[in-house]
Enquirer: 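Take a look at the following structure, please.
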Amino acid sequence: MKHKIDWKKVSEGLGISEENTKECFNDGRFMGRYGEFVLAEKTNSNRAESEGASYDIDSSDGLKKEVRSITKQISFASSKEVGYGRKVTEKGFQEKLNSLDTYVGIDFRNMDEIEFIDITKEMVSEMISKGIMRKNKSVSANKFFEFIND
């Protein structure tokens, strides 16, 4: 699924230049949260009831989806285990994987038309078996895009 953004309207609404608006949005944390709202609305689904839920979207087809921004990498680790002073564990990764049905990656290399990429559990397993997933349960963006375009 693709989603076009009218930067002129957004920048007018925010009261800042288009350049600064794009710079503001060009951040994985911001784009991930924004993507949750877009995905929920465009698929007639609901965002999870709480920020602490193990998934982001309760989709209209009954699937629990986790939205992840694709920056220099894409992480499949539990958010609870990512960040300063935290450590990604195999147990945490498996718990995360078992708590949802699929991931959705947000490709925002083209800021005018962001793309939502479905990433199944089978694809995650394949990335592991091909050795492109790191110990911290992330994959570099270059290797990820090579993988999905294979």
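Just so it is clear, the structure is predicted and the values come from calculations on it, not from any experiment.
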Enquirer: Does a sphere of radius 6.0 Å around CD in Glu23 hold more than 12 heavy atoms from other residues, nucleotides or ligands, not counting ones at 6.0 Å or beyond?
Expert: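 Counting other residues, nucleotides and ligands, CD of Glu23 stays at 12 neighbours or fewer.
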Enquirer: Donor-acceptor pair, Lys65 side chain versus Asp101 backbone, under 3.5 Å?
Expert: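 No, the answer is negative, given that no donor and acceptor are paired below the 3.5 Å cut-off.
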Enquirer: Among Met127, Arg68, Lys143, which one satisfies side chain to side chain contact (heavy atoms under 4.5 Å, CB included) with Ile74?
Expert: Arg68
Enquirer: Hey, does Asn26 have a side-chain heavy atom less than 4.5 Å from the side chain of Met31?
Expert: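 Not in contact.
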Enquirer: For the pair Ser75 (side chain) and Ala77 (backbone), establish whether a donor and an acceptor sit closer than 3.5 Å, ignoring hydrogens and angles.
Expert: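 Yes.
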Enquirer: Once you round to the nearest 0.5 Å, how far does OG of Ser17 lie from CG of Asn20?
Expert: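 If we round to the nearest 0.5 Å, Ser17:OG and Asn20:CG are 3.5 Å apart.
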Enquirer: Do Leu39 and Met1 have side chains that approach each other closer than 4.5 Å (heavy atoms only, starting at C-beta)?
Expert: yes
Enquirer: For Lys8 and Asp6, what are the C-alpha separation, side-chain angles and deciding distance, and is it a salt bridge (charged side-chain N to carboxylate O under 4.0 Å, His left out)?
Expert: CA-CA 6 Å; Lys8 183 175 184 188; Asp6 185 335; over 6 Å; no
Enquirer: Counting only N and O atoms by type, is there a donor-acceptor contact under 3.5 Å from the side chain of Asn149 to the main-chain atoms of Phe145?
Expert: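 At least one qualifying donor-acceptor pair exists.
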Enquirer: If you look at every heavy atom in Ile119 and Gly105, which pair is closest and at what distance?
Expert: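 Where Ile119 meets Gly105 most closely, the heavy atoms are CD1-N, 3.7 Å.
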Enquirer: If you apply the rule side chain to side chain contact (heavy atoms under 4.5 Å, CB included), what do you find for Glu95 with Ser54, and how did you get there?
Expert: CA-CA 9 Å; Glu95 286 174 357; Ser54 60; over 6 Å; no
Enquirer: Kindly determine whether Ile70 and Phe144 satisfy side chain to side chain contact (heavy atoms under 4.5 Å, CB included), including the steps that lead there.
Expert: CA-CA 9 Å; Ile70 305 168; Phe144 175 76; 3.6 Å; yes
Enquirer: Between Asp107 and Arg109, does at least one N-O distance fall below 4.0 Å, as a salt bridge requires?
Expert: yes
Enquirer: Does the pair Lys9 and Glu18 meet the rule for a salt bridge (charged side-chain N to carboxylate O under 4.0 Å, His left out), with working shown?
Expert: CA-CA 9 Å; Lys9 286 182 180 176; Glu18 276 187 58; over 6 Å; no
Enquirer: Taking all heavy atoms of Met111 and all of Ile5, pick out the closest pair and write down the distance.
Expert: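 Looking at all heavy atoms of both residues, the shortest contact is O-CD1, 3.9 Å.
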Enquirer: Report the C-alpha separation of Met123 and Ile148 in whole Å, then their side-chain angles, then the decisive distance to 0.1 Å, and conclude whether the side chain to side chain contact (heavy atoms under 4.5 Å, CB included) test is met.
Expert: CA-CA 9 Å; Met123 292 168 74; Ile148 64 168; 3.8 Å; yes
Enquirer: I want to check something: taking the side chain as every heavy atom from C-beta on, are Val67 and Ile106 in contact at a cut-off of under 4.5 Å?
Expert: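 The answer is yes, as the side chains (C-beta and beyond) meet within the 4.5 Å cut-off.
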Enquirer: Which of parallel (below 30°), tilted (30 to 60°) and perpendicular (above 60°) describes Phe25 and Tyr34?
Expert: perpendicular
Enquirer: Measure across Ile57 and Ser45 and return the closest heavy-atom pair with its distance rounded to 0.1 Å.
Expert: CG2-CB, 3.8 Å
Enquirer: If two hydrophobic side chains count as joined below 4.5 Å and joins carry through other members, does Phe76 share a cluster with Leu63?
Expert: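 They do not share one cluster, since no chain of ILVMFWY contacts under 4.5 Å joins Phe76 to Leu63.
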Enquirer: Spell out, yes or no, whether Val10 and Phe37 are grouped together once hydrophobic residues are joined by side-chain heavy atoms under 4.5 Å, including indirect joins.
Expert: no
Enquirer: Identify the two heavy atoms, one from Tyr55 and one from Ser99, that lie closest to each other, and give their separation to 0.1 Å.
Expert: CD2-O, 4.3 Å
Enquirer: When rounded to the nearest 0.5 angstrom, what distance separates CG in Leu100 from CD in Glu66?
Expert: 6.0 Å
Enquirer: Determine whether Phe116 and Lys42 make a side-chain contact, defined as any pair of heavy atoms from C-beta on separated by less than 4.5 Å.
Expert: no
Enquirer: Roughly how far apart are Asp61 CG and Thr43 OG1, rounded to 0.5 Å?
Expert: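 Nearest 0.5 Å value for the CG-OG1 distance: 8.0 Å.
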Enquirer: With a 4.5 Å heavy-atom cut-off, do Phe93 and Val124 have their side chains touching?
Expert: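 Phe93 vs Val124: side chains touch.
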Enquirer: Do Tyr103 and Lys96 come close enough that some side-chain heavy atom pair is under 4.5 Å?
Expert: yes
Enquirer: Under a 4.5 Å cut-off applied to non-hydrogen side-chain atoms, are Thr21 and Cys24 in contact?
Expert: no
Enquirer: Which atom pair, heavy atoms only, marks the closest approach of Ser60 to Asn44?
Expert: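 Scanning both residues, the minimum pair turns out to be CB-O, 3.3 Å.
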Enquirer: Heavy atoms only: give me the nearest Glu51-Arg47 pair and the separation to one decimal.
Expert: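 Minimum heavy-atom separation between Glu51 and Arg47: OE2-NH2, 3.0 Å.
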Enquirer: Taking the basic N atoms (NZ, or NE/NH1/NH2) and the acidic carboxylate oxygens, is any pair closer than 4.0 Å for Asp112 and Lys22?
Expert: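 Salt bridge: yes.
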Enquirer: So how far is it from Ile128 CD1 to Arg134 CZ, rounded to the nearest 0.5 Å?
Expert: 14.0 Å
Enquirer: Using atom types as modelled and distance alone, determine if a side-chain donor or acceptor of Asn46 lies under 3.5 Å from a backbone N or O of Asp58.
Expert: no
Enquirer: Under a 3.5 Å threshold, yes or no: a donor from one side chain and an acceptor from the other, between Ser138 and Gln73?
Expert: yes
Enquirer: Linking I/L/V/M/F/W/Y whenever any side-chain heavy atoms sit under 4.5 Å apart, do Ile117 and Val38 land together?
Expert: no
